[in-house]
Each structure stands twice: as structure tokens, then as C-alpha cells.
There are 2 protein chains.
Amino acid sequence: MRSPTELAQVFRDKQLKLKPQRQLLFSRLHQNKSHPTAESLYEIASKQMPGISLRTIYQTLGELAEMGELQLVDVGIGATRFDPNTGDHHHFVCESCRAMHDVDILTSPKMSLRRGGGFAVNEVGVVFCGRCNRCNHKQQVRSPESQAKDKASN
Amino acid sequence: MRSPTELAQVFRDKQLKLKPQRQLLFSRLHQNKSHPTAESLYEIASKQMPGISLRTIYQTLGELAEMGELQLVDVGIGATRFDPNTGDHHHFVCESCRAMHDVDILTSPKMSLRRGGGFAVNEVGVVFCGRCNRCNHKQQVRSPESQAKDKASN
DNA sequence: TTTCTGATTTGCATCTAATGCTAATTGACA
DNA sequence: TGTCAATTAGCATTAGATGCAAATCAGAAA
Ligand SMILES: [Mn+2]
Ligand SMILES: [Mn+2]
Ligand SMILES: [Zn+2]
Ligand SMILES: [Zn+2]
């Protein structure tokens with residue numbers, strides 16, 4: 001995803017308004033490696049802009065995704081994650097704390113794309129599911145509630 | 001997944017009752033390659049047993065999954081799919097009609113398992129997303145409503 | 001065969017994640 | 001400064017799924 005300033009330019013060029021809500025999200029997303037959900041961004045954004053609407057978060061994230069600035073990652077467990085890293089990579093997700101980490105691509109794009117038994121393949125997603133080091137050490141499985149609070153970042 | 005008769009035995013051994021609802025689902029699931037959702041199984045089962053509850057479908061599918069007789073496949077688009085094929089394989093899903101097809105494993109298990117940047121990986125899921133041949137031919141994108149009706153099978 | 005009892009089913013409430021809708025607000029430009 | 005389309009925010013609604021408790025029933029025991 002481009003830098004907040006570059007994005008601002010893009011938005012201006014498209015006659016889109018530069019509301020503070022957007023600018024805030026641009027900055028919270030830029031170089032964010034935490035793979036946040038809409039809700040987690042909402043919590044973070046609310047600290048700096050109390051009263052911001054969750055609806056706006058969804059709205060803006062949707063726009064950015066449509067513009068190709070964000071990648072949507074849905075691993076089938078919990079909510080959709082938003083990833084400003086639009087490069088070709090995959091993900092590991094901890095089934096205990098739900099933290100998500102990048103996994104640099106292992107499968108050669110050649111092998112993965114354009115093969116699927118004779119179908120037109122647009123996208124290949126690889127998800128590694130397991131336990132992160134941190135969760136592996138503490139024995140306890142943490143409650144889904146406490147998990148949500150992990151991904152503060154940026 | 002085992003055959004209906006084998007499953008019946010397993011259930012008896014565990015002092016679980018052999019209700020007709022279960023037997024019906026056993027038979028609708030056995031060797032079913034359509035990767036049905038709970039709802040689609042509900043529709044199918046309702047034809048033979050009007051009045052069967054969707055809650056029971058979810059219940060029974062959950063039990064079978066917990067017993068390792070079914071594989072849950074969640075591709076992040078639409079509902080969870082249930083797969084009686086518990087072998088090591090992956091999936092192609094058509095983003096137009098949502099049909100799901102098996103993709104025989106391409107990644108060597110060695111390469112995929114036990115690698116993810118230093119995490120304990122339990123499972124690797126590969127999802128190919130695109131358009132199936134049928135949808136590729138007809139231009140039109142079909143409505144999500146009409147799509148649901150494809151997966152009649154067994 | 002009848003009785004008894006815990007397993008099962010079912011309907012309904014509830015939940016999470018997300019989207020639809022619309023009135024109120026506001027940035028940008030004339 | 002006024003205008004107006006873009007944007008926001010609040011609320012309703014949806015899809016998919018699970019929690020809960022009363023009613024039902026398979027099958028062991030008598
Ligand atoms: Mn990533
Ligand atoms: Mn399969
Ligand atoms: Zn973890
Ligand atoms: Zn298709």
C-alpha cells in the first residue's frame with residue numbers, strides 16, 4: 001500500500017475527499033504488519049478519533065481494497081484481515097491467539113497459478129495453521145476474548 | 001468417511017443412538033464429492049425427511065467432523081463446506097457458481113508441513129480460486145441465489 | 001412387552017461479521 | 001460565502017452458525 005501522502009494525492013486526483021477519518025486510517029495501515037481486522041482497526045482508530053464509526057472503517061477498507069491498495073485475507077477463522085502488503089506471499093495463522101504472520105512464498109508462482117485441474121485459476125491462497133511460538137510456550141489456550149486484544153500495532 | 005453401515009457400528013459402540021436423521025445424513029454424505037454446505041444438505045435431506053431440523057444437520061456434521069469422519073473446508077467465501085474425503089488434498093472453488101472441486105495435492109507434504117517461519121504448523125490449506133469451465137463458457141455471472149441450487153448430488 | 005432414562009432432536013434466541021439504507025454532515029471548488 | 005456531491009454515522013438487516021431448554025425417542029433393563 002502506498003504512503004499516506006501518496007494515497008492523499010490519488011484520492012484528490014479522483015475527486016475523492018480527504019476526510020480526517022480516511023487520513024487516520026491511511027496512517028494506521030501504512031506498513032502495518034499486524035494483519036488487522038476491521039474491528040481491531042476500529043479500536044485503534046477510536047483512541048485518536050473517538051466517535052469514528054465502525055461503518056466508516058469497513059467503508060474505507062473496502063475502497064482501498066477495491067483500489068488494489070489492500071489485500072483481503074480470509075482464513076476462514078474469525079474476521080477478514082486487511083493486509084497493506086499486496087505482494088505475493090502467504091500466511092501463517094495461530095489457531096490459539098489468531099496472530100497472523102507473513103510466510104514468504106514457497107510455491108513457485110508457475111506451479112501454483114494456472115493449474116487446478118483444467119480451471120481458470122485467478123488466485124492461490126496458502127494458509128498455514130498452527131501455534132505461534134508464544135502460544136506454544138504458554139500451555140494455556142487463551143480465550144477468544146483475550147485474543148482479540150493482541151493485535152494492537154502501528 | 002466410512003460407509004453408512006460402518007458408521008452405524010461406530011455409533012453403536014459409543015452408545016450413541018441410531019436416529020433416522022443420522023442415518024439419512026450418513027447416506028447423503030457417503031462418497032459425496034460435491035462439498036456440500038450445511039444448508040445444501042438440509043435442502044436435500046428435507047426432501048426425504050420433511051421437517052428435519054437444520055439444527056440437527058449442523059449438530060451431526062459437527063459430530064462427524066469431531067470424530068474425524070469429515071473434513072471442514074472454509075475458503076472464506078460463503079459457508080463452510082463438508083468433505084467426506086479426509087485424505088490429503090486441496091480445493092478449487094469457482095468464484096462464480098461456488099462449485100468446489102478436489103485438486104490433488106501438488107505441494108509435497110514435506111515442503112508444506114513443518115515450515116512456516118519457525119511456527120508449529122498443524123495444517124496447510126491451499127485454495128485455488130477462479131472460474132470453472134462451465135462458468136467460463138457462459139459469459140454471465142450467475143446470481144448467488146441460483147448458484148445455491150447447483151450442488152444437488154447423492 | 002413395558003418402563004425408564006439419558007441421548008437426540010427441534011425451535012427459538014443469540015451471536016459475529018458484514019452490508020444496505022438514509023439523514024445529516026462536510027470538503028472542495030465556484 | 002454558498003453550493004452540492006461525496007462522505008459519515010447510525011440503525012436495520014443479513015448470513016452463517018451456535019447456545020439453550022423443552023419435548024421426543026432408542027434401546028437397555030425389568
Ligand atoms: Mn501478509
Ligand atoms: Mn475435497
Ligand atoms: Zn499464538
Ligand atoms: Zn462455476
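Computed from a prediction, not measured in an experiment: that's the story for all the values here. Within every chain, numbering begins at 1; the chains are lettered A, B, ... in the order of the sequence lines, protein sequences first and strands thereafter.
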Only one of His91(A), Arg81(A), Arg98(A), His101(A) passes side chain to side chain donor-acceptor pair (under 3.5 Å) with His35(A), and that residue is His91(A)

Separation of [X] atom [atom1] from [N] atom [atom2], in whole Å?
X: Phe26(B); N: dT8(C); atom1: CZ; atom2: P; result: 10 Å
X: Gln59(A); N: dT19(C); atom1: CD; atom2: C1'; result: 10 Å
X: Asp74(B); N: dT18(D); atom1: CG; atom2: P; result: 11 Å
X: Arg22(A); N: dT25(C); atom1: CZ; atom2: P; result: 19 Å
X: Lys19(A); N: dT25(C); atom1: NZ; atom2: P; result: 12 Å
X: Glu63(A); N: dT8(D); atom1: CD; atom2: C1'; result: 11 Å

When you measure from the side-chain N and O atoms of [X] to the phosphate of [N], is any distance below 4.0 Å, counting only OP1 and OP2?
X: Gln21(B); N: dT10(C); value: yes
X: Arg55(B); N: dC12(C); value: no
X: Thr80(A); N: dA17(C); value: no
X: Thr56(B); N: dT10(C); value: yes
X: Thr37(A); N: dA17(C); value: no

Joint cluster assignment, Met67(A) & Leu25(A), ILVMFWY side-chain distance < 4.5 Å | yes

Open item on the list: Ignoring hydrogens, what is the shortest heavy-atom contact between Ile57(A) and Ala45(A)? Give both atom names and the distance.
Closed with: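 Nearest pair, atom of Ile57(A) first, then Ala45(A): CD1-CB, 4.3 Å.
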
Exercise. Is a donor on one side and an acceptor on the other found under 3.5 Å between the side chain of Glu69(B) and the backbone of Arg2(B)?
Worked result: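 Confirmed, Glu69(B) side chain pairs with Arg2(B) backbone.
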
On DNA chain C, does the nearest nucleotide to Pro20(A) precede the nearest nucleotide to Phe11(B) from the 5' side, or the other way round? Give the residue.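 The 5'-side residue here is Phe11(B).
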
Next item on the list: Report yes if a donor N or O on one partner sits less than 3.5 Å from an acceptor N or O on the other, where the partners are the side chain of Lys17(A) and the base of dT26(C); otherwise report no.
Entry: yes

- Item | Among Thr56(B), Leu16(B), Leu64(B), side chain to side chain contact (heavy atoms under 4.5 Å, CB included) partner for Arg22(B) |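 Only one option passes, and that is Leu16(B).
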
**Asked** Within the structure shown, what part of the strands sits under 4.0 Å from Leu18(B) by heavy-atom distance: base, sugar-phosphate, or nothing?
**Response** sugar-phosphate

Requested in this report: Looking at every strand, decide which applies to Arg12(A) at a 4.0 Å heavy-atom threshold: base, sugar-phosphate, or nothing.
Outcome: nothing

DNA chain D: 5'-proximal contact among Ala79(B) and Leu16(A) (nearest heavy atom):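 Closer to the 5' end of DNA chain D: Leu16(A).
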
**Item:** Minimum-distance nucleotide (side-chain atoms of Tyr58(B) versus dA26(D), dT8(D), dG16(D))
**Value:**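 Given the options dA26(D), dT8(D), dG16(D), the side chain of Tyr58(B) is closest to dG16(D).
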
